[in-house]
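The block underneath contains the structure these notes are about, expressed in structure tokens.
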Amino acid sequence: LIFNITQKGKEITGTAGPADQQEKIINGVANGTKTTFEVQMPKGPPFKFSLSLVKGRLQGQMTREAPDGTVRQAKVDAEKVAAEKK
């Protein structure tokens, strides 16, 4: 997953998803070192992220409720990379 995140005060905006399918971040909130946001893909329920800033990395959980009602989880450990020059 690729995150393109912008923080203004407590508001988190941007996009997230595979490189070829970036979707808008919604309901993004930063509170100290903790960040929560959702990413609504074209089909199905949103992916929900609950991340903390740990030694310059965003770490935490991603969850998504499957159509059958089960909740699927994955660990997230993302590092900041330099933007590509155009």
Side-chain angles (χ1 to χ4, degrees):
L1 290 177
I2 296 174
F3 299 104
N4 292 297
I5 296 174
T6 300
Q7 179 180 352
K8 290 183 183 174
K10 290 188 173 192
E11 181 183 26
I12 298 294
T13 59
T15 61
D20 62 346
Q21 189 179 359
Q22 289 283 292
E23 300 294 338
K24 187 176 178 181
I25 289 174
I26 56 175
N27 302 324
V29 177
N31 188 2
T33 60
K34 297 190 183 292
T35 301
T36 58
F37 59 89
E38 297 178 13
V39 178
Q40 180 64 60
M41 300 305 282
K43 294 183 180 180
F47 287 92
K48 297 180 180 184
F49 293 85
S50 179
L51 306 173
S52 296
L53 187 60
V54 179
K55 297 182 182 179
R57 300 176 73 86
L58 283 175
Q59 298 178 333
Q61 293 286 323
M62 174 184 71
T63 60
R64 187 178 200 203
E65 187 174 329
D68 65 3
T70 60
V71 176
R72 299 190 177 150
Q73 297 181 338
K75 289 186 179 184
V76 176
D77 185 1
E79 70 178 325
K80 185 176 183 177
V81 296
E84 292 183 23
K85 294 185 180 189
K86 295 180 180 183

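One is the number of the first residue; the rest follow in order along the sequence.
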(request) Mind listing the closest non-hydrogen atom pair of Val39 and Glu23 along with its distance? (result) CG1-CB, 3.7 Å
(message) Per the ring-ring contact (aromatic ring centres under 6.0 Å, His included) rule, what does the pair list look like for residues 38-71, sequence neighbours excluded?
(response) Phe3-Phe49, Phe37-Phe49
(message) Do Leu1 and Leu53 land in one hydrophobic cluster if side-chain heavy atoms of ILVMFWY residues count as linked below 4.5 Å?
(response) yes
(request) Please report the shortest heavy-atom distance between Gln21 and Pro42, naming the atom on each side. (result) NE2-CD, 3.4 Å
(request) Given side-chain contact (heavy atoms from CB on, under 4.5 Å), test Val76 with Leu51 step by step and report yes or no. (result) CA-CA 8 Å; Val76 176; Leu51 306 173; 3.7 Å; yes
(message) Would you say Val29 ends up clustered with Ile12 if hydrophobic residues are merged whenever their side chains have heavy atoms under 4.5 Å apart, either directly or through other cluster members?
(response) no
(request) To the nearest 0.5 Å, tell me how far Gln59 CD sits from Thr33 OG1. (result) 11.0 Å
(message) Can you confirm whether Ile25 sits close enough to Thr13 that some side-chain heavy atom of one is under 4.5 Å from a side-chain heavy atom of the other?
(response) no
(message) Going by the rule side chain to side chain donor-acceptor pair (under 3.5 Å), which residues pair with Thr15 if we only count those two or more places apart in sequence or in a different chain?
(response) Asn4, Gln22
(request) Kindly compute the distance separating NZ (Lys48) from CE (Met62), expressed to the nearest 0.5 Å. (result) 13.0 Å
(request) Supply the atom-to-atom distance Arg64 CZ to Thr70 OG1, rounded to the nearest 0.5 angstrom. (result) 11.0 Å
(request) Give the cluster check for Val54 versus Leu58: same hydrophobic cluster or not, with ILVMFWY residues linked at side-chain heavy-atom distances below 4.5 Å. (result) no
(request) Spell out, as yes or no, whether a donor-acceptor pair under 3.5 Å connects the side chain of Gln7 to the backbone of Gly9. (result) yes
(request) Name all pairs fulfilling the salt bridge (charged side-chain N to carboxylate O under 4.0 Å, His left out) condition that reach into residues 68-79, sequence neighbours left out, sorted by first residue then second. (result) Arg57-Asp77, Arg57-Glu79
